[in-house]
Engineer: 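Dropping the structure in here first, questions after.
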Amino acid sequence: MGGILRIYRNDWRNLFRVPVAVLLVAALVVLPSVYDWVNVASVWDPYSNTSGIKIAVTSLDEGTKVQEKDFNIGNEVMESLRSNKNLGWTFVDAETAHNGVKRGDYYASIVIPANFSKRMTGILEGTIVKPEIEYTVNEKINAIAPKITDKGATSITTQISEN
């Protein structure tokens, strides 16, 4: 056992006698740490820089009248999205949205149908029909974009529910 420790100690002494060897050992110690730091920094928070992810948004909502008040929930959603900078909301017509997702111009599209307000306020009139938003996503463009766009669609439905 004493011979092993002597060889180990001599190797370390000889290492410090050659400056190039010290530089190589230091590089071998530091380089993996730098690589790991860059890798972790690049994926630390993917949701903080999502404003470049284009999502086409369309409202076909015609609105409705309930108890002498006009409601157009689709327009309200569009106005709130105009001030929301979390995702790259792009306001287009329904055909452009559908074709843009197919071609890869947009990662996803959200279309608010024409009867959305009517269905939403139907509860007040005694008719219960679940209002639905048409959400399409192009999963071929990017692996993580569908998860982010799904989060955006969920935030829209949450916003509608809160309003």
Engineer: Work out which heavy atom in Y106 is nearest to a heavy atom in A97; give both atom names and the distance.
Structural biologist: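 Smallest heavy-atom distance, with atoms named: CD1-O, 4.3 Å.
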Engineer: At what distance, to the nearest 0.5 angstrom, does CH2 of W89 lie from CD1 of I55?
Structural biologist: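 Reported value, rounded in 0.5 Å steps: 4.5 Å.
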Engineer: Using a 3.5 Å distance criterion without hydrogens, assess whether the side chain of D61 forms a donor-acceptor pair with backbone atoms of N72.
Structural biologist: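 No, because the side chain of D61 does not come within donor-acceptor range (under 3.5 Å) of the backbone of N72.
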Engineer: Is it true that T96 and D93 share a donor-acceptor pair across their side chains at a distance under 3.5 Å?
Structural biologist: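 Present: a donor and an acceptor within the cut-off.
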Engineer: Okay, side chain of D105, backbone of G100: is any donor-acceptor separation there less than 3.5 Å?
Structural biologist: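 Checked: no pair found.
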Engineer: Which atom names give the shortest non-hydrogen contact between S59 and M78, and what distance separates them?
Structural biologist: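 Shortest heavy-atom separation between S59 and M78 comes out as CB-CG, 3.6 Å.
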Engineer: Rounded to the nearest 0.5 Å, what's the gap from CD1 on I73 to CD1 on I133? Could you check?
Structural biologist: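 Result: 10.0 Å between the selected atoms.
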Engineer: Determine whether V111 and L60 satisfy the following criterion, side-chain contact (heavy atoms from CB on, under 4.5 Å), listing intermediate values before the conclusion.
Structural biologist: CA-CA 7 Å; V111 178; L60 303 174; 3.9 Å; yes
Engineer: Once you round to the nearest 0.5 Å, how far does CD1 of I112 lie from CD of E76?
Structural biologist: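 Spacing of CD1 (I112) from CD (E76) equals 10.5 Å.
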Engineer: Mind checking salt bridge (charged side-chain N to carboxylate O under 4.0 Å, His left out) for E62 and listing every partner two or more places apart, or none if nothing turns up?
Structural biologist: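 In terms of salt bridge (charged side-chain N to carboxylate O under 4.0 Å, His left out), with neighbours along the sequence ignored, E62 is linked to no residue.
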Engineer: Carefully, step by step, assess S109 and T136 under the rule side chain to side chain donor-acceptor pair (under 3.5 Å).
Structural biologist: CA-CA 5 Å; S109 73; T136 55; 2.5 Å; yes
Engineer: Say whether, by atom type as modelled, one donor and one acceptor occur between the side chain of N138 and the main chain of V101 under 3.5 angstrom.
Structural biologist: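 At least one qualifying donor-acceptor pair exists.
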Engineer: Show me, pair by pair, the donor-acceptor contacts under 3.5 angstrom made by side chains of residues 14-29, not counting sequence neighbours?
Structural biologist:
residue : atom : partner : partner atom : Å
N14     : OD1  : R17     : NH1          : 2.9
N14     : ND2  : N10     : O            : 3.2

Engineer: Measure from the side-chain N and O atoms of T58 to the backbone N and O of V92, and report whether any donor-acceptor pair falls under 3.5 Å.
Structural biologist: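 Yes; at least one donor-acceptor contact below 3.5 Å.
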